[in-house]
Amino acid sequence: MHDIRLIRDNPEGFDAALAKRGLAPLSSQILEIDALRRAKITAAETALADRNAASKQVGAAKAQGLEDEFERLRALVADKKAEIGILEDEAKDEDERLQDMLAEIPNLPADDVPEGADENDNVEINRWGTPRDIADALEHFDIPAVKGGMDFETAAKISGSRFVLMSGAVARVNRALAQFMLDIHTLENGLTEVNTPVMVRDEAMYGTDKLPKFGEDSYRTEEGMWLIPTSEVPLTYIAAGHVMEESYLPRRYTAHSLCFRSEAGSAGRDTSGMLRQHQFEKVEMVSVTLPEDSDAEQKRMLRCAEDILERLEIPYRTVVLCTGDMGFGARRTFDIEAWLPGQNAYREISSVSTTGDFQARRMNARFKRAGEKKPEFVHTLNGSGLAVGRCLIAVLENGQQADGSVDLPTALHPWLGGKTRITADGQLA
RNA sequence: GGAGAGGUGGCAGAGUGGUCGAAUGCGGCGGUCUUGAAAACCGUUGAGGUGAGAGCCUCCCAGGGUUCGAAUCCCUGUCUCUCCGCCA
């Protein structure tokens, strides 16, 4: 959500920032509605002030027994009442029109975000590890050690396409990965573990900018609840409506949750394997910070995510998304792409974004500086740390051996009860 | 699912038709005292809109209604809590 004041003060700057996202200028249209809105507000308030004044006199007239005067003023107040009703409705309509319009405008990119049209213009800023030379590398679902424990046919029977049924060693490694990530984040990175609801209300989706524009990407129950597309939604919405003490910040959360996405519009993409599912697991990180701290916090979060991959010995590269590839609510986004030998490509495994005060405005999350009167909006950030399913793919594909088995990363062994590999026939050993 | 109670400022919690944007406490801020801190005491302290400003307007969960006048009465919605039932 944008600050109408900033648009008023600097419409050219606003349009210029929109242009970086490839959007047409909107400021003149916004300011037109805003001017109309303010005119209606002024008119309504003037009428209200008149009514309030007359209303006070009514009481006085009554008290003094001036019946004629009382009746006259009473009629006047009644007239004003009708007028006020109309003016207030008009003011409200204009205000809603403005809010609706602002709600659909994406966040403005930070100054340092590279300009570009699409993912081809993203800029690599870090590369770690060297992909191992694997002859005839297989995709995860074709690796002999994995095949028996990753069943797409049965999942389809139960739930349709884009679901998976994991069992045995594969399910165990998947679980170990999630535990591993959570333990690192809580014990070493100082994040607070949270277990959130995965069904949320409209307000939480709106506050984290998933609504009104992207409702079709998520699932909604018949009762009107949303299945979360990411635990960014409940984690961030914790702060909604609060005025926090300055000293309360930063807040750093992590959660392991199921995530649900309809994947509308991605038909035919990544259809094989478990890269893109309707239901998946993710360990999420969310930070709520002071405005001046959010840029440093984003780098910190990025390091937390990259560190997981380094410990798991998975080669990756980090890119900063260009203006044309960023999500709706982001001011700046870093994507981490893990090396997948089976695809001979780097694929997204984490996305770390700062939204500035964009979400905070929508959910009215504020803090008060010591000694200051006015509350200010906090900054909110979110990042995957990491997508568990995709991390499982990376671990399996990078660990595949010529004999069909999979060597599991050393760092993970303690979470596997000391086991180190999956044999070609699918046993943890 | 049934019955009941309630939603008030950063927090807790008074207030049941005008004198209430709202007692009191906590917390915050400023001060007195102190070598410093604590304690004590004094003062101060809600949010939003609009306006160049003085100011004006709105806000006691939300939306309707009654009334000259609503935090206060009525209706609807919503959320929370308690009890009963059911239940992993």
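We use all heavy atoms of the structure for the numbers below, so side chains are in, but hydrogens, waters and symmetry mates are not. Every chain is numbered from 1, with letters handed out A, B, ... down the list of sequences.
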*A:Tyr206 side chain reached by A:Pro212 side chain, heavy atoms, under 4.5 Å*: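 They are in side-chain contact.
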*Side chains of A:Thr208 and A:Glu232 in contact at under 4.5 Å (non-hydrogen atoms)*: yes
*What pairs with A:Phe141 under ring-ring contact (aromatic ring centres under 6.0 Å, His included), at least two apart in sequence or on another chain?*
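By the ring-ring contact (aromatic ring centres under 6.0 Å, His included) rule, A:Phe141 matches no residue at all.
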*asked:* Over all strands shown, is A:Lys40 touching base, sugar-phosphate only, or nothing at heavy-atom distances under 4.0 angstrom?
replied: nothing
*How is A:Arg201 classified with respect to the nucleic acid when contacts are heavy atoms under 4.0 Å: base, sugar-phosphate, or nothing?*
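Contact class for A:Arg201: sugar-phosphate only.
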*Taking only residues two or more places apart in sequence, or in another chain, which ones meet A:Ile41 in a side chain to side chain contact (heavy atoms under 4.5 Å, CB included)?*
A:Arg37, A:Glu45, A:Ala91
*Quote, to the nearest angstrom, the C1' distance that separates B:rC11 from B:rU16.*
24 Å
_Spacing of the P atoms in B:rA62 and B:rG10 (rounded, Å)_ = 14 Å
For [X] and [N], give me the distance from atom [atom1] to atom [atom2], rounded to whole Å.
X        : N      : atom1 : atom2 : answer
A:His242 : B:rA47 : NE2   : P     : 17 Å
A:Glu96  : B:rG63 : CD    : C1'   : 12 Å
A:Lys92  : B:rA62 : NZ    : P     : 12 Å
A:Met225 : B:rU78 : CE    : C1'   : 13 Å
A:Asn364 : B:rG9  : CG    : P     : 13 Å
A:Lys368 : B:rG46 : NZ    : C1'   : 7 Å
A:Arg361 : B:rA47 : CZ    : P     : 17 Å
A:Glu376 : B:rG10 : CD    : P     : 16 Å

*Does A:Val243 or A:Pro375 map to a spot on RNA chain B nearer the 5' end, using the closest nucleotide for each?*
A:Val243
*Where each residue is assigned the nucleotide of RNA chain B containing its nearest heavy atom, which of A:Ala44 and A:Arg366 is assigned the position nearer the 5′ end?*
A:Arg366
*Run the salt-bridge test on A:Lys210 and A:Asp217 with the 4.0 Å N-O cut-off and return the result as yes or no.*
no
_Pairing check on B:rG43: which nucleotide meets the Watson-Crick or G-U wobble criteria with it, both distances under 3.5 Å?_
B:rC29
*Any luck finding a side-chain donor-acceptor pair between A:Asn398 and A:Glu313 under 3.5 Å?*
no
_salt bridge (Lys or Arg N to Asp or Glu O under 4.0 Å) partner of A:Arg303, chosen from A:Glu297, A:Glu310, A:Glu188_ = A:Glu310
Would you tabulate the pairs of protein nitrogen or oxygen atoms and nucleotide nitrogen or oxygen atoms of nucleotides 49-51 of chain B closer than 3.5 angstrom?
| residue | atom | partner | partner atom | Å |
| --- | --- | --- | --- | --- |
| B:rG49 | OP1 | A:Arg5 | NH2 | 2.6 |
| B:rG49 | OP2 | A:Arg5 | NH2 | 3.2 |
| B:rG49 | O3' | A:Arg37 | NH2 | 3.4 |
| B:rG49 | N2 | A:Glu45 | OE1 | 2.9 |
| B:rG49 | N2 | A:Glu45 | OE2 | 3.2 |
| B:rU50 | OP1 | A:Arg8 | NH2 | 3.1 |
| B:rU50 | OP1 | A:Arg37 | NH1 | 3.3 |
| B:rU50 | OP1 | A:Arg37 | NH2 | 3.2 |
| B:rG51 | OP1 | A:Arg38 | NH1 | 2.7 |
| B:rG51 | OP2 | A:Arg38 | NH1 | 3.1 |

*What's the closest nucleotide to the A:Leu48 side chain, out of B:rA47, B:rC57, B:rG27?*
B:rC57
